A.B. asks: 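Have a look at this one.
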Amino acid sequence: MFKLLRPAFVLLVSLTVITGLIYPLAMTGLAGALFPKQAQGSLIVRDGKVIGSELIGQSFTSDRYFRGRLSATTGTDPSDPSKTVPQPYNAANSMGSNLGPTNKALIDRVKGDVEKLRAENPSTPVPLDLVTTTASGLDPDISPAAAYFQVPRVAKARNLPEADVKQLVDRHIESRLFGLIGEPHINVLALNLDLDRVAAR
């Protein structure tokens, strides 16, 4: 019996040490050496203060800023810990809404959002990514179409020429990875920070 248990125990301990300790430490060290910024969360620092991450979206509600994709993440209700409340871009609780395409609550919410956006810019079709959430609820990027759609609102709120704001959007378009993977996109936080810089001139 002991002859059978000993190899199994040795294998269990060996694999636990290799896969649970050595491998994670090696990958963490390698990531920190090769990609130090990304390994630390791709944080954006201004005046010595962390204001966000390139990898996690933020909620922008002012007309003076470009808005990102909607977030369905939730968090604990401060007044009742047994319940949850919406907390957009809550990185501790990455999730989608889990509402199916025929769910009435989802349909009503999307219809309402589309109506509001059409009122904001009636001459342009509403981009899909402005009324839908991602699976993670943390997406920091929007499509170029979603950014262009918001140009008139942002330009008006900032008292800037639309052409200047559009040029700013043009400068922030990131291409497909290796020209093949993904879609062109714009990091909303980076765009808004650049917008603040331009508007402060």
Side-chain angles (χ1 to χ4, degrees), residues 41-42 44 51-158 162 165-166 168-170 172-177 180-196:
S42 297
I44 297 174
I51 58 170
S53 167
E54 294 174 8
L55 306 175
I56 299 174
Q58 291 187 17
S59 183
F60 292 96
T61 55
S62 169
D63 285 346
R64 295 168 52 81
Y65 291 102
F66 288 89
R67 296 176 188 142
R69 291 196 71 169
L70 300 174
S71 174
T73 59
T74 61
T76 304
D77 187 342
S79 58
D80 185 354
S82 67
K83 296 180 181 176
T84 59
V85 292
Q87 285 183 2
Y89 307 103
N90 178 4
N93 197 18
S94 172
M95 63 182 284
S97 70
N98 293 327
L99 299 178
T102 59
N103 184 286
K104 186 175 183 335
L106 176 64
I107 292 168
D108 290 345
R109 198 266 305 152
V110 170
K111 281 183 179 176
D113 288 346
V114 168
E115 286 174 16
K116 286 179 193 172
L117 289 167
R118 279 189 181 146
E120 177 184 303
N121 190 350
S123 63
T124 308
V126 176
L128 185 65
D129 53 330
L130 288 181
V131 294
T132 57
T133 62
T134 59
S136 70
L138 305 176
D139 195 344
D141 303 322
I142 56 175
S143 66
Y148 290 133
F149 181 88
Q150 300 179 69
V151 164
R153 170 180 51 79
V154 173
K156 183 180 177 183
R158 294 271 184 167
E162 284 189 24
V165 179
K166 185 180 180 298
L168 188 67
V169 170
D170 292 340
H172 280 270
I173 297 175
E174 297 178 43
S175 302
R176 292 178 171 93
L177 184 63
L180 300 169
I181 302 171
E183 293 295 326
H185 57 279
I186 295 170
N187 185 283
V188 178
L189 178 56
L191 175 60
N192 282 333
L193 288 172
D194 207 11
L195 179 64
D196 278 342

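For clarity, every value in this text was computed on a predicted model and none was experimentally measured.
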A.B. asks: Whether Lys156 and Glu120 form a salt bridge (side-chain N of Lys/Arg under 4.0 Å from carboxylate O of Asp/Glu) is what I want to check.
C.D. replies: no
A.B. asks: Return yes if some donor-acceptor pair links the side-chain N/O of Arg153 with the main-chain N/O of Asn121 below 3.5 Å, else return no.
C.D. replies: no
A.B. asks: May I ask you to say whether Arg118 pairs ionically with Asp113, meaning some side-chain N is under 4.0 Å from a carboxylate O?
C.D. replies: no
A.B. asks: May I ask you to decide if Glu183's main-chain N or O and Arg176's side chain share a donor-acceptor pair within less than 3.5 Å?
C.D. replies: no
A.B. asks: Drop me the distance from Leu70's CG to Leu130's CG, to the nearest 0.5 angstrom.
C.D. replies: 7.5 Å
A.B. asks: If every non-hydrogen atom of Pro78 is compared with every non-hydrogen atom of Val85, which pair is closest and at what distance?
C.D. replies: CD-CG2, 4.5 Å
A.B. asks: For the atom pair NE2 (His185) and CD1 (Ile173), what is the distance rounded to the nearest 0.5 Å?
C.D. replies: 10.5 Å
A.B. asks: Take Asn192 and Asp196 through the test side-chain contact (heavy atoms from CB on, under 4.5 Å) and record every step on the way to the result.
C.D. replies: CA-CA 6 Å; Asn192 282 333; Asp196 278 342; 5.7 Å; no
A.B. asks: About how many Å separate OG of Ser143 and CZ of Phe149, when rounded to the nearest 0.5 Å?
C.D. replies: 11.0 Å
A.B. asks: Could you please spell out the steps behind the side-chain contact (heavy atoms from CB on, under 4.5 Å) verdict for Phe66 and Ile186?
C.D. replies: CA-CA 11 Å; Phe66 288 89; Ile186 295 170; over 6 Å; no
A.B. asks: Look only at the side chain of Asn90 and the backbone of Thr74, and say whether a donor-acceptor pair between them is shorter than 3.5 Å.
C.D. replies: yes
A.B. asks: Of all the heavy-atom pairs spanning Ile56 and Tyr89, show the shortest one and how long it is.
C.D. replies: CG2-O, 4.3 Å
A.B. asks: For the residue pair Asn103 and Ile107, establish whether any side-chain heavy-atom pair is separated by less than 4.5 Å.
C.D. replies: no
A.B. asks: Show the nearest heavy-atom pair for residues Leu191 and His172, with the distance to one decimal.
C.D. replies: CD1-CD2, 3.7 Å
A.B. asks: To the nearest 0.5 Å, tell me how far Leu55 CG sits from Asn187 CG.
C.D. replies: 8.5 Å
A.B. asks: Between CD of Gln150 and CD1 of Ile142, what distance do you get to the nearest 0.5 Å?
C.D. replies: 5.0 Å
A.B. asks: Does a side chain donor of either Arg67 or Thr61 reach within less than 3.5 Å of an acceptor in the other side chain?
C.D. replies: no
A.B. asks: What is the minimum heavy-atom distance between Thr134 and Asp139, and which atoms define it?
C.D. replies: CG2-OD2, 3.4 Å
A.B. asks: When rounded to the nearest 0.5 angstrom, what distance separates CG in Leu189 from CG in Asp194?
C.D. replies: 11.0 Å
A.B. asks: Between Ser175 and Pro184, is any pair of side-chain heavy atoms under 4.5 Å apart?
C.D. replies: no
